Amino acid sequence: MFWYIIGMGICVGIAWRMKRRGVRKNVYEAVFVMAIGFLLAAVLWQMDEGKKGQCQVARNPPGLGLEEKDYLVDAEGLLEQYPIKVPVEEKLFTKKQRQECFRQAKLELDQAILGGNESLDKVQESLYLPETLQEGAVAVTYSFSDYEVFDAEGTLLEGLEEPVLVEVTAELTCQGETCLYTFFARAVPRDKSKQELLAEQLGQMLALENQQKDKDYLELPTELEGKAVKWKEQAENRSFLGLLLGAAGAAGLIFAEKEEKKRKELERRQQMLSDYPEIVSKLSLLLGAGMSITYAWEKIAYGYQKQRELQGKRERWAYEEMLAALHEIQEGVGELKAFENFGERCQLAPYRKLSSLIVQNIRKGAKGMQRLLDEEEREAFEERKARARKAGEEAGTKLLLPMGMMLAVVLAVLVVPAGLTLNL
C-alpha cells in the first residue's frame, strides 16, 4: 500500500509543477487523475487485505440463498495458497422469527395486492401479485376461486356486468415452512367515463338506424344532447411513409452521386494508367528523333487534340492534362511550374515520376533523358501487363458464381429424371 501512496504523492507533485510552469491543462490534469488512481488502488488494497486472516464469514440475510466465496488456504507444511470454494448458506430464522415474518408478509401483501385499486371491496383494475415478500424471505403463490373474473396473473377480465366476490388464496413459504393466507376481493364493473357513456348513446342510435335496412344509406347521427356531431372516417395516415420514402430517396441520391463520383474517378485512374506507357513511348521516340522535351510534349498534345476533333473520339484524361500543361506554358506560367502542376493534377505515381524526370531534364540538361525514358517505358509496359493479368483473374473470379449456378442446373436436369425413374 505504501508504494501506492508514494506514487500518488509523486503524481500530485508532478501535476503541481506542470501547472506552475504553464504546461497544457489536459496534461497536468491527466497526471492528477493518475494520482487519484493510485489513491483508489491504495484504498482497494487496504479493503482486500483487511479480509485476509478472517475466520468468520457473514451469512446472507434470509431470502438471498446460498453464496459461494473463493478463498486461498495456507496450512503449515500441508497446503500453500490452495484455492477452495466455500459455500455459505443463508441465515435461518427461528420458529418465532418465521411466524413474525409471516405476519409482516401478510400486512405487506394487503397493501401490495391492491395495485391501482382503492380497496379489496371495490376492485376495478387488475391485482398486483408479488412473487416474494419481506425482501425475498417469503415466496408467494396465488390461486383464485373464480378464474372467469381474474386470470392466474391477477388480471381483471373484461365483460364483468355485476359485482362478484372472489376468494384469493396466497401460499406463503419461508425456509421450508408454509402458511396459507385467504382473503376476498370484490370485483365490480369499471366506472365508465362521460365519453364512454356518450359513445354508448351513439351506439344505441346507430343500432336503431341500422334496423332500417331498406334504405340505401346509413344515416349517421348529427346531434347528441343538443350538440352537433361531426363524423370523420378513420384512415391510415401514410404521411410518415411518404416522409420516410422522401428521406430514403434523398439519401439514395446522395449515395448515388458519391458512387458516381467514385466510379468516374476509378475510370479516370484506369484510363490514365492505361495511356501512360503510350505517352512515355511517344516522348522517348520524339526525343530520340532530336526534339526537345517541350516540343515533343506540344506535338503529342496537339496531335491528340487534332485527332479528337476530326474523329470525335471521347476524351482521354492524360492527354487533356498534357494540353492543360501546354496552355499554362503558353500563358507564361513557366515550364518547370507547368510540368510540376501536371504531376499534381494527375494524382498518380507514374505521372508524378514522369513530371519529376522532365523537371530534372529541364534543370540539368538532356543528358541521360533518353535512357531514363526507355527504362520508364519498359517498366510501364510491364505494369500494364500485370494489370491486365489481374483484371483477367478478377473477371474469372466473378464468373465463378454464374458457372456454379449453371452446374447446379445441369446436375438437376441429369439427376432429377434419374431419381424419378428409380422411384417408379
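What you are looking at is a predicted structure, and each value in this text was computed from that prediction instead of being measured.
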ask   = Considering residues at least two apart in sequence or located in another chain, which fulfil the ring-ring contact (aromatic ring centres under 6.0 Å, His included) criterion with Tyr128?
value = none
query = Could Arg268 and Glu321 be called an ion pair, given the rule that one side-chain N must be under 4.0 Å from one carboxylate O?
reply = yes
key: Residue pair Tyr181, Glu171: steps toward the side-chain contact (heavy atoms from CB on, under 4.5 Å) verdict   = CA-CA 6 Å; Tyr181 179 42; Glu171 184 178 346; over 6 Å; no
message = Tell me the closest heavy-atom pair linking Ala325 and Ala338, and the distance in Å.
response = O-CB, 3.7 Å
request  = Could you list all the ring-ring contact (aromatic ring centres under 6.0 Å, His included) pairs where at least one residue sits in residues 150-179, not counting sequence neighbours?
outcome  = Phe144-Phe150
inquiry  = Tell me if a side-chain donor or acceptor on Ser126 pairs with a main-chain N or O of Leu156 at a distance below 3.5 Å.
reply    = yes
ask   = Side-chain contact, heavy-atom cut-off 4.5 Å: Val168 with Thr182?
value = no
task = Enter the distance from Met322:CE to Arg345:CZ here, rounded to the nearest 0.5 Å.
result = 11.5 Å
request  = Please confirm whether the backbone N or O of Ser119 pairs with a side-chain atom of Asn117, one donor and one acceptor, at under 3.5 Å?
outcome  = no
task = Might you confirm whether atom CD of Glu315 has over 12 heavy atoms from other residues, nucleotides or ligands at distances under 6.0 Å?
result = yes
ask   = If you take all heavy atoms of Val140 and Pro130, which pair is closest and at what distance?
value = CB-O, 3.8 Å
message = I'd like to check Arg314 versus Arg308 (side-chain heavy atoms, cut-off strictly below 4.5 Å). Are they in contact?
response = no
Pair Glu267 + Lys264, salt bridge at N-O below 4.0 Å = no
key: Step-by-step side-chain contact (heavy atoms from CB on, under 4.5 Å) determination, Ser356 to Gln360   = CA-CA 6 Å; Ser356 177; Gln360 290 179 9; 3.6 Å; yes
inquiry  = Quick check: do Ile113 and Leu129 have side-chain heavy atoms less than 4.5 Å from each other?
reply    = yes
request  = Rounded to the nearest 0.5 Å, what's the gap from CG on Asn341 to CD1 on Ile329? Could you check?
outcome  = 10.0 Å
request  = Measure the spacing between CZ of Phe102 and CG of Leu109 and express it to the nearest 0.5 Å.
outcome  = 12.5 Å
query = Quick one: are Glu344 and Arg352 in side-chain contact, heavy atoms under 4.5 Å?
reply = yes
query = Do Leu127 and Leu114 pass the side-chain contact (heavy atoms from CB on, under 4.5 Å) test, and can you show the C-alpha distance, the side-chain angles, and the key distance before you say yes or no?
reply = CA-CA 6 Å; Leu127 299 175; Leu114 294 176; 5.9 Å; no
The single option from Lys95, Gln97, Lys96 passing side-chain contact (heavy atoms from CB on, under 4.5 Å) against Gln99 = Lys95
query = Do Ser355 side-chain atoms and Phe339 backbone N/O form a donor-acceptor pair below 3.5 Å?
reply = yes
ask   = Measuring from Glu320:CD to Met272:CE, what's the distance to the nearest 0.5 Å?
value = 10.5 Å
request  = Please confirm whether the backbone N or O of Gln134 pairs with a side-chain atom of Glu108, one donor and one acceptor, at under 3.5 Å?
outcome  = yes
query = At what distance, to the nearest 0.5 angstrom, does CD1 of Ile293 lie from CG of Leu283?
reply = 5.0 Å
request  = Kindly check if the number of other-residue, nucleotide or ligand heavy atoms within 6.0 Å of CD (Glu131) is above 12?
outcome  = no
task = State, with a plain yes or no, whether a side-chain heavy atom of Gln111 is found less than 4.5 Å away from one of Leu107.
result = no
message = Taking CD in Glu153 as the centre, count heavy atoms belonging to other residues, nucleotides or ligands within less than 6.0 Å. Is the count above 12?
response = no
Sub-4.5 Å side-chain heavy-atom contact between Leu157 and Asp151 = yes
task = Evaluate the criterion side-chain contact (heavy atoms from CB on, under 4.5 Å) for residue pair Gln124 and Glu118; output intermediate values, then yes/no.
result = CA-CA 9 Å; Gln124 295 181 315; Glu118 295 180 358; over 6 Å; no
task = With Val166 as reference, evaluate Leu120, Val123, Asp146 under the side-chain contact (heavy atoms from CB on, under 4.5 Å) test and give the passing residue.
result = Asp146
query = If we only count heavy atoms from C-beta on, is the Cys179 to Cys174 side-chain gap below 4.5 Å?
reply = no
query = Can a salt bridge be assigned to the pair Glu379 and Lys353 using a cut-off of 4.0 Å between side-chain N and carboxylate O?
reply = yes
inquiry  = Check this for me: does any side-chain nitrogen of one of Arg316 and Asp275 sit under 4.0 Å from a carboxylate oxygen of the other?
reply    = yes
task = Look at the rings of Tyr304 and Tyr319 and say which category their plane angle falls in: under 30° parallel, 30 to 60° tilted, over 60° perpendicular.
result = parallel
ask   = Just by distance, do the side chain of Trp317 and the backbone of Gln271 share a donor-acceptor pair under 3.5 Å?
value = no
ask   = What residue pairs, at least two apart or across chains, pass ring-ring contact (aromatic ring centres under 6.0 Å, His included) with a residue in residues 259-282?
value = Tyr276-Tyr351
request  = Rounded to the nearest 0.5 Å, what's the gap from OG1 on Thr141 to CG on Leu172? Could you check?
outcome  = 8.0 Å
key: Pair Lys258 + Glu265: basic N to acidic O under 4.0 Å   = no
task = Assess whether atom CD of Glu162 is packed by more than 12 heavy atoms of other residues, nucleotides or ligands within 6.0 Å.
result = no
query = Between Glu125 and Gly116, which heavy-atom pair has the shortest distance, and what is it?
reply = OE1-CA, 3.7 Å
inquiry  = What I'd like to find out is whether the side chain of Val138 reaches to under 4.5 Å of the side chain of Thr132, using heavy atoms alone.
reply    = no
